Each structure stands twice: as C-alpha cells, then as structure tokens.
Amino acid sequence: MVLVGVSRGHNTDHAGDQPTRDQPVTRQPVTNDEVARAFADMATALELLGANRFRTASNSRVAREIRDMTTNLADLVNEDPATAVARLCALPGIGKGSAEKIVELMETGAMNEHQKLMAEVPRGLFDVLDVPGIGPKAARVMWQELEIESVDDLMAQIDTEAFRALPRMGEKTIANIKEAVAFRAQTASRTPIGQALPIAREIHEALAALPGVERAAYAGSLRRGEETIGDLDFLVSSSEPEAVAEFFVNAEGVTKVLAHGATKCSVRLERGRVAIQADLRLVPLEAFGAALMYFTGSKEHNVRMRERSIKRGMRLNEYGLFEGNEERPQDLGKAPVAAADEEAIYAALELPFIPPELRQGHAELDQPPTARLIELNDIKAELHAHTVASDGSMSIEELAQCARNRGYHTIAVTDHSVSQVIANGLDADRLRDHVDAVRAVAARIEDISVLAGSEVDILADGSLDYDDEILALLDVVVASPHAALRQDPEAATARLLKAIAHPLVRIIGHPTGRLINRREGLSPDMSALYRAAAEHDTALELNANSQRLDLRDRHVRGAREQGCAIALDTDAHREENFDQLVYGVLTARRAGLEPEGCINTWPAEKLHTWLRAGR
DNA sequence: GCCGTTTTCGGCCCGACTGTTTTCAGTCG
C-alpha cells in the first residue's frame with residue numbers, strides 16, 4: 001500500500017502490503033473513508049493555522065459529505081476521469097477546488113495540499129486540540145509561543161511560569177485543562193449507544209418525576225440514534241427550574257460540575273464503566289419544541305434550518321421561529337410563529353416533520369422523506385438467534401417463548417457452525433440432531449413458526465463451513481464472517497461475493513464483522529456487495545447488537561438504493577438480547593429504511609416463501 | 001472554500017457559559 005500522506009486505517013501492518021523493489025507498484029483504489037479523513041485532517045490543520053474559519057468549515061463539510069456517501073468516489077472518478085471534476089462539483093458542499101483535490105488523490109495516491117498542511121502542523125497538536133476546553137486559538141498560541149506539539153509537551157509545561165503567562169491562562173483554566181487531560185485518558189472514545197441509552201432513560205425518568213416538571217426529553221446524538229454518543233443532552237420545562245438544576249448537578253455518578261447556570265448545567269458523569277458528559281437545558285414550556293429541535297441537532301441540520309428561515313424572512317433559534325431578522329427577537333417581546341412543538345416549526349418552513357434520525361444535515365431538507373420509517377412494532381420475525389446447542393443461554397423452547405412474548409410469527413434457530421470452536425459450533429452430526437430437535441419443538445408449537453437454521457461461517461476464501469447437502473436440510477441459512485477479519489479489501493470482497501451468490505444462503509450476517517470502538521472488521525467494496533445481493537436476492541443483515549450495528553446506517557442506505565433486502569436481527573444469545581432490537585431500528589431509521597425493505601416485517605407467508613426461494 | 005429565485009462578489013447560524021477581563025474572547029454545541 002503506497003498511499004503517500006493519507007493514513008490508511010486498515011491493515012497497514014498486513015504482510016505483503018509493502019511493494020518490494022522487484023514488484024511493480026500497484027495501488028488499491030482510494031476509499032471514501034480515506035478521502036474523508038484527508039479533508040478532515042486538512043480542516044483541523046487549517047484551524048490550528050488560524051485560517052479563515054469558512055475555509056476550515058468547508059473542508060469539514062466535504063469530509064462529512066464524503067464519509068456518508070453511499071457510492072464509491074473511486075468508481076465515480078474511474079467511470080470517466082475527464083468529466084470527474086464536473087460530476088464531483090454536482091455533489092453538495094463540493095466545489096471545484098475540492099473536486100480537483102479528490103481527483104488528484106484518486107489518480108496519484110496523494111494530495112499535495114494535504115501533504116503540505118500535514119508537514120506544517122505537528123500531528124500531536126491534533127490531540128491537544130481534542131482536549132475539551134482547548135480550542136484552536138489556545139492550541140495555536142501554545143504551539144507558537146512554547147513549542148507545545150503534543151499532549152505530553154502540554155503536561156510537561158503546564159506548571160511553568162511561561163505557560164501561566166499565556167493569554168487568558170489563569171488558575172482555573174489550567175486546573176480545568178489538567179482535569180480534562182486526565183478524564184480524556186480514561187475515556188478516549190465516544191460511548192456506544194448501547195451503554196448510553198439505558199443511562200439516559202434512567203436520568204430522563206428521574207427528571208420527569210421531579211415536582212414541577214412539565215416536560216422532559218433527551219436530545220442530541222442519542223435522539224438521532226447515532227451508533228456512538230458524545231454526551232447526553234437533557235431538556236426540561238419546569239415551574240421549579242432551580243430545583244431541577246440542583247438535582248442534576250447532584251445526580252448519582254456526577255464527578256464534576258462543569259457549568260451551573262440559570263438555563264444550562266453541564267456535568268461529568270460516571271456510571272459503571274461509562275464516563276460521559278451530560279448537559280441539562282432548562283427551557284420555557286412554550287418554547288420546548290424549538291429547544292428540542294435545537295438541541296437534537298445535528299448541528300449541520302440546524303444550520304440548514306436557520307438558513308432556510310433567513311431565506312423566508314424569518315429567524316430560528318432555540319426560543320422559536322420568528323418573523324423578521326432582528327437579533328434576539330425573544331427579548332423584544334415578539335410572539336414566535338412557532339415554538340411549542342417541532343412539527344409546527346417544520347410546517348412553518350414548508351417541510352414535513354423530519355424524524356430525528358434523519359436530521360443529518362445532508363439532503364433531508366431538499367428531499368424530505370416520503371415513506372414511513374420502520375418502527376419497533378413492525379418487526380415480526382427474528383431470523384438470527386442462538387441456543388445452548390452452541391453459545392446461547394436459552395433452550396429452543398425458551399427462544400420460541402421470547403419470540404412469542406414479542407408477538408413475532410417466526411423465530412429461526414441459527415446456532416454456530418463447526419469452525420466456531422470457541423462458540424461450541426456444531427459439527428454436521430450435531431447439526432442433524434439439532435435440526436431434529438428444532439423440528440420436534442416446531443411440531444408442538446402452533447402459534448408461531450420455529451425454523452431450523454444455522455449461522456454458518458463464511459471461511460476466509462468465501463466457502464461455507466458445511467457441505468451443501470447439510471445446508472439443504474435447513475429452513476434458513478445465515479452466512480457470517482467470524483475469522484480472518486483483517487484480510488485485505490479485495491479478498492474480503494471476493495469472500496463475501498461468493499457467499500452472497502451461494503444459492504442456499506438467504507442472509508449475510510453482520511457483513512463486515514466490525515465491533516464498535518474495538519474492531520474495524522472487513523472493508524469490502526460495499527457497492528459490489530449491494531449489487532450482488534440485489535441480483536441474487538440475498539438479504540444483508542443489520543445486526544442490531546449495539547456492539548455491532550453492522551451493516552451501519554450508510555451501508556443500509558446504500559443497499560436499499562440498489563434494491564437489496566435488509567434483514568434486521570438481534571443475534572440473540574440470551575433473553576435480554578431481544579431488547580437490542582431498538583438499536584437496530586434506530587440505525588435502520590437513520591438509513592431511511594421503510595418497513596417493506598426489511599424482511600423481518602413481512603407477513604409469515606411472504607417471508608417463508610422468500611426463505612424457500614432458490615432451494 | 002462554497003454558493004446564488006436579492007448575488008459570480010461578498011456573504012457565510014445562533015446563543016450560553018466560563019474565566020479572564022474591566023467589556024469580552026474563547027469554547028462549545
């Protein structure tokens with residue numbers, strides 16, 4: 001791999017990647033993620049260099065737009081290099097300058113501007129900027145005045161006279177930086193939604209139960225259903241706001257109060273292994289909708305909404321939507337056009353209600369959703385679940401009971417295959433017995449369908465872990481990658497394409513094998529997978545387990561654009577795992593998934609017919 | 001750097017809080 005100057009997040013240590021003297025240099029196509037990272041790097045470097053903030057913001061936007069694209073930039077450029085710049089310019093947020101840089105990166109494997117900026121700004125300074133409370137101005141002055149180029153440098157100098165002499169650097173600021181660095185060391189990454197949501201629900205309930213509270217909600221990335229959460233945002237309307245604030249800053253697990261104002265409080269919270277910041281906003285009831293919209297974000301969605309308001313001669317802020325363009329209209333005694341609920345604000349701006357999960361700041365205002373998004377109650381089947389036969393904790397009957405409790409019409413028993421030794425995977429003989437056991441249970445149970453299946457390993461070369469004659473015994477085959485998850489993108493693509501094309505495979509389970517914050521997983525050419533899956537009518541799974549969420553949101557969107565069916569399963573190993581479905585549904589909604597696009601919403605007959613097809 | 005149904009130049013979203021300041025800059029979301 002010779003992508004000079006742009007960091008590859010994947011497989012950089014993989015044997016055979018380094019070209020030798022005798023080998024011609026062959027370059028793998030540059031991925032969207034790599035392009036997005038390059039632009040994000042440039043934005044950060046520009047910030048630290050004190051560049052025009054609009055130029056900085058522009059690079060950030062390009063990074064975001066590319067990260068969330070559902071098609072490959074490499075395909076777009078290669079299709080016709082001569083017109084690539086013009087076609088890139090048609091994408092939102094990408095102008096001539098960025099388009100040319102993208103083409104340069106695609107064609108040469110490097111981007112001059114990126115390399116120049118990276119040479120100018122020390123990489124360690126990015127980490128300094130990452131410390132909460134240190135912004136571009138502070139990081140820049142530390143760098144310029146004291147040659148601080150990393151967090152280590154910062155901590156080495158923080159107690160010196162010279163550091164204290166920096167502008168706006170007082171006792172409290174220094175103490176806050178020290179604490180922020182220590183806190184950061186302990187919580188390096190964003191919190192997975194599976195850990196954040198239960199905590200948020202608990203706090204939300206407690207806030208809602210306080211005397212005088214009229215309305216309470218959580219907002220932010222959690223309400224938007226992002227896979228990881230930066231901090232928890234709460235919104236409360238109360239006749240006794242001081243008491244609510246007092247409760248919040250003294251809540252269980254609060255380790256530091258970062259702000260305690262009349263309308264905003266901010267704390268650091270530690271619960272179990274989770275350490276996260278939580279913000280509380282106290283808002284008037286009559287402006288609850290405007291505030292909820294504002295604090296739900298995303299930031300980019302809000303910017304678009306405010307721009308749209310300005311175009312219509314209005315002004316939007318967290319107090320409401322107002323006629324005219326005066327600053328702080330809420331202080332002038334003006335009555336808002338809309339404020340109490342989100343629906344009214346969208347309506348006043350001639351938009352349908354946009355569900356929080358879709359507020360990503362992409363095209364949702366230009367092309368508002370028309371179809372209803374999938375909901376928890378739409379799910380009528382679980383097609384990926386384990387029993388004690390492999391590594392689950394439930395018997396076949398208990399699994400069926402879980403499905404019945406949730407009102408499902410179908411449950412598939414899909415234990416691990418033989419290669420999953422650590423998960424007590426079944427060899428062919430055990431699988432035959434297990435299928436008999438499942439059929440025996442199915443015969444006793446009349447109200448729901450219990451299917452005999454398997455989660456069969458897709459081996460590194462794309463072959464399956466059982467022979468076809470064994471697979472043919474099953475009602476449903478979920479094929480999943482579990483091992484060799486560091487193989488290069490070409491091998492991963494070929495491996496998954498082979499499984500997708502297998503006539504007995506109906507579902508590809510957790511296609512990339514990634515684990516959030518822990519394992520990157522495979523990086524196949526997703527567009528190729530979508531096309532093949534659509535062609536062979538093989539469903540791609542959105543694994544709802546909050547550690548997986550694989551496919552991720554943008555993958556589900558890309559798959560649907562190609563007409564691919566989506567399976568939404570919890571991969572349950574124990575009863576409570578069925579509750580993970582909410583994370584899958586949130587992710588699916590972020591992808592704009594309509595119920596019809598998900599096989600688990602189909603009526604029993606339609607689903608069973610589909611499962612039998614091709615065998 | 002991007003963008004255009006007031007525009008190809010001159011704009012570019014809005015407010016709260018803290019800490020360092022004597023009226024506000026920086027940071028955050």
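Order of the sequence lines sets the chain letters (A, B, ...), proteins ahead of strands, with each chain counted from 1. Just so it is clear, the model here is predicted, and its values are computed rather than measured.
Rounded to whole Å, the separation between the C1' atoms of dC17(B) and dC12(B) comes to 25 Å. Taking the C1' atoms as reference points, dT23(B) lies 15 Å from dT18(B), given to the whole Å. A distance of about 25 Å separates the P atoms of dT7(B) and dG1(B), rounded to the whole Å.
Base orientation of dT21(B): anti (glycosidic angle beyond 90° from 0).
Under 4.0 angstrom from either OP1 or OP2 of dC28(B) there lies no side-chain N or O belonging to S266(A). Remark: R328(A) is in phosphate contact with dA16(B), judged by side-chain N or O atoms under 4.0 Å from OP1 or OP2. Applying the 4.0 Å criterion to OP1 and OP2 of dG1(B), one finds that N59(A) has every side-chain N and O outside that range.
Side-chain contact check for V249(A) versus V254(A): every heavy-atom pair is 4.5 Å or farther apart. Annotation: side chain of Y346(A) is in contact with side chain of M305(A) (closest heavy-atom distance under 4.5 Å).
At a threshold of 4.0 angstrom between heavy atoms, the contacts of R315(A) are confined to the sugar-phosphate backbone, with no base atom among them. Within 4.0 Å (heavy atoms only), R61(A) reaches no atom of the nucleic acid at all. Residue S309(A) is out of contact with every strand shown, counting any heavy-atom pair closer than 4.0 Å.
Tested against E227(A) for a salt bridge (Lys or Arg N to Asp or Glu O under 4.0 Å), the candidates R554(A), R548(A), R590(A), R514(A) yield a single pass: R514(A). The one candidate from T71(A), L551(A), T31(A), N32(A) that meets the side chain to side chain contact (heavy atoms under 4.5 Å, CB included) condition with M526(A) is L551(A).
For Y294(A) and dC14(B), the OH to P distance is 10 Å, given to the nearest whole Å. Atom P of nucleotide dA16(B) and atom CG of D279(A) are separated by 15 Å, given to the nearest angstrom. D331(A) has its CG atom 8 Å from the P atom of dG15(B), to the nearest Å. The CG atom of N52(A) sits 14 Å away from the C1' atom of dC9(B) (whole-angstrom rounding). Rounded to whole angstrom, the span from the CD atom of E327(A) across to the C1' atom of dA16(B) amounts to 15 Å.
Comparing Y319(A) and Q277(A), the nucleotide of DNA chain B nearest to each residue sits closer to the 5' end for Y319(A). Residues V62(A) and R53(A) both approach DNA chain B. Their nearest nucleotides, taken by heavy-atom distance, put V62(A) toward the 5′ side.
Between T44(A) and D41(A), the side chains place no donor N or O within less than 3.5 Å of an acceptor N or O (distance only, hydrogens not considered). Counting only N and O atoms by type, the side chains of D279(A) and Q277(A) include a donor and acceptor under 3.5 Å apart.
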Strictly under 4.0 angstrom, non-hydrogen atoms only: write out the protein contact profile of nucleotides 17-26 of chain B, one letter per nucleotide from the 5' end, B, S or -.
SSBS----BS
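Minimum heavy-atom separation, M314(A) to L349(A): CE-CD2, 3.9 Å.
By the 5.5 Å and 30° criteria, F54(A) is not stacked with the base of dC2(B).
At least one cation-pi condition fails for R61(A) and F54(A): the charged atom is not both under 6.0 angstrom from the six-membered ring centre and inside a 45 degree cone around its axis.
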